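What you see is a predicted model, and the numbers here were worked out from it, not measured in a lab. Letters A, B, ... are given to chains in the order of the sequence lines, protein chains preceding strands, and every chain is numbered from 1.
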2 protein chains.
Amino acid sequence: MGNLKVAKAHIRAENERIILDAAEAIFARHGFRGSTMQMIADQANLPKANVHYYFASKKELYRRVVEQIFGIWLQAANSFEQSDNPAEALRRYIEQKMEISRLRKNGSKVWANEVINGAPIIQDFLENQLTEWTDGRIEMIQKWIDDKKIRPINPRWLLYMIWATTQHYADFTHQVETLNAAEPLSKEQWEDATETVFQIIWAGLVPKSGT
Amino acid sequence: MGNLKVAKAHIRAENERIILDAAEAIFARHGFRGSTMQMIADQANLPKANVHYYFASKKELYRRVVEQIFGIWLQAANSFEQSDNPAEALRRYIEQKMEISRLRKNGSKVWANEVINGAPIIQDFLENQLTEWTDGRIEMIQKWIDDKKIRPINPRWLLYMIWATTQHYADFTHQVETLNAAEPLSKEQWEDATETVFQIIWAGLVPKSGT
DNA sequence: GTCTATATTTCGATAGAC
DNA sequence: GTCTATCGAAATATAGAC
């Protein structure tokens, strides 16, 4: 009896994972309304009714996908804390964000799609978790400024700049690859792009030596 | 007879304009598949059948909207040419891009949506016009580097950085406003953000005085 | 050129046999 | 837990009167 329960729970966990991965890919490519349960089922190699068996509605499935992405974002964001040295903290954060853009393109695209459309489904994430996290990071950056470790700039615009620049490589992959002779960026290009993003931002933050 | 033709042409031009504006707003908010001809008709204050009278299909209407946006982008991009001084040229370009983000949010969002989804409808723009324009601008920036006017960085990543940072304020308006206590950015905030973007990028490009 | 009514297709969701 | 068949609700597009 106990074994049966465990086996069934295992099947459920595995199928949910397969469907979530399939849904992320489809939602990233076609948006919420552009994606059909049939497409997701095909991507997962399951009959459409099975998808409905595990996720009651398309909306619930979508929300689970977005939740998953948001978790990864917040987790990476913690790297911000790990150093009191602004150069180190920013380098680590930019590197992590670029790494997520490289490895989790679909997640980033679903998020972008959702925000562009006014976040009809995940507004609560923006209002609660993201607002809290952002306010905390702004305080940290402001402290760096007060300590004259970086130039006085508005910390908020700096954060947006890092988000925009790093996520661009995930959200606009298709444009980036088209402009790269229809080829994905090579390992060297990813490293070079990451280094350039960090270098420009950091050089733009260093306090003027003469001041 | 001639007058009648002119009058009808006028009616057509005006109605097409009304429908295009309505469609841009709806497509920006709901994406291609999320938008219905009924929504567009309501936004334009016209019966649905009239929209079909002027635009044979939803796809044709969408393509016209994206074409319009792309024209505005390319036009603004010319400001890049107007100065041989990198600081001036970059400042003007960033200011223009931020101005478009402020005034033409919907256009930018439709474009972003389209690229995220793999540009199924406007791939030819990416392959032709955008590739040409980008290659030309990369040459210009490379010349600045050769002339030691700016530090040696990969010009392509610099362009992407400018695009990403400026368009973020249009595409992610909803997130930016949620993080701004649900208020649109004030005139002062727009100016401050623009200045910060330019300052960080430019300071990150100036050649080291000691080298 | 305008607009009501409707044909046709597609999709989300469920029933019910296995 | 799986899967076929199908319902009911939209949505695109068009026919045809004005």
For A:E16, enumerate each residue passing the side-chain contact (heavy atoms from CB on, under 4.5 Å) test, keeping only those at least two apart in sequence or located in another chain.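 Partners of A:E16 by the side-chain contact (heavy atoms from CB on, under 4.5 Å) criterion, ordered by chain and then number, come out as A:R12, A:Y54, A:F55, A:R64.
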With a 4.5 Å heavy-atom cut-off, do A:W73 and A:I100 have their side chains touching? no
Quick one: list whatever passes salt bridge (Lys or Arg N to Asp or Glu O under 4.0 Å) with B:D192, sequence neighbours left out.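 So B:D192 forms no salt bridge (Lys or Arg N to Asp or Glu O under 4.0 Å) with any residue.
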Would you please name every residue forming a salt bridge (Lys or Arg N to Asp or Glu O under 4.0 Å) with B:E24, sequence neighbours left out?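 Only B:R104 meet the salt bridge (Lys or Arg N to Asp or Glu O under 4.0 Å) criterion with B:E24.
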Using only side-chain N and O atoms of A:N50, determine if any of them is under 4.0 Å from OP1 or OP2 of D:dT4. no
Length of the [atom1]-[atom2] vector between [X] and [N], whole Å:
X	N	atom1	atom2	result
A:Y54	C:dA13	OH	P	18 Å
A:E60	C:dA13	CD	P	10 Å
B:H30	D:dA11	NE2	C1'	15 Å
A:L46	D:dT4	CG	P	12 Å

Each nucleotide N or O in nucleotides 12-14 of chain D that has a protein N or O under 3.5 Å away: list the pair and distance.
| from | atom 1 | to | atom 2 | distance (Å) |
| --- | --- | --- | --- | --- |
| D:dT12 | OP1 | B:S35 | O | 3.3 |
| D:dT12 | OP1 | B:M37 | N | 3.4 |
| D:dT12 | OP1 | B:K58 | NZ | 3.2 |
| D:dT12 | OP2 | B:M37 | N | 3.1 |
| D:dA13 | OP2 | B:H52 | NE2 | 3.3 |
| D:dA13 | OP2 | B:K58 | N | 3.0 |
| D:dA13 | N6 | B:K48 | NZ | 2.8 |

Pairs where residues 39-53 of chain A contributes a residue and the test side chain to side chain donor-acceptor pair (under 3.5 Å) is met, not counting sequence neighbours: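 Non-adjacent pairs meeting side chain to side chain donor-acceptor pair (under 3.5 Å): A:Q38-A:D42.
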Under the ring-ring contact (aromatic ring centres under 6.0 Å, His included) test, which residues partner B:W144, sequence neighbours left out? none
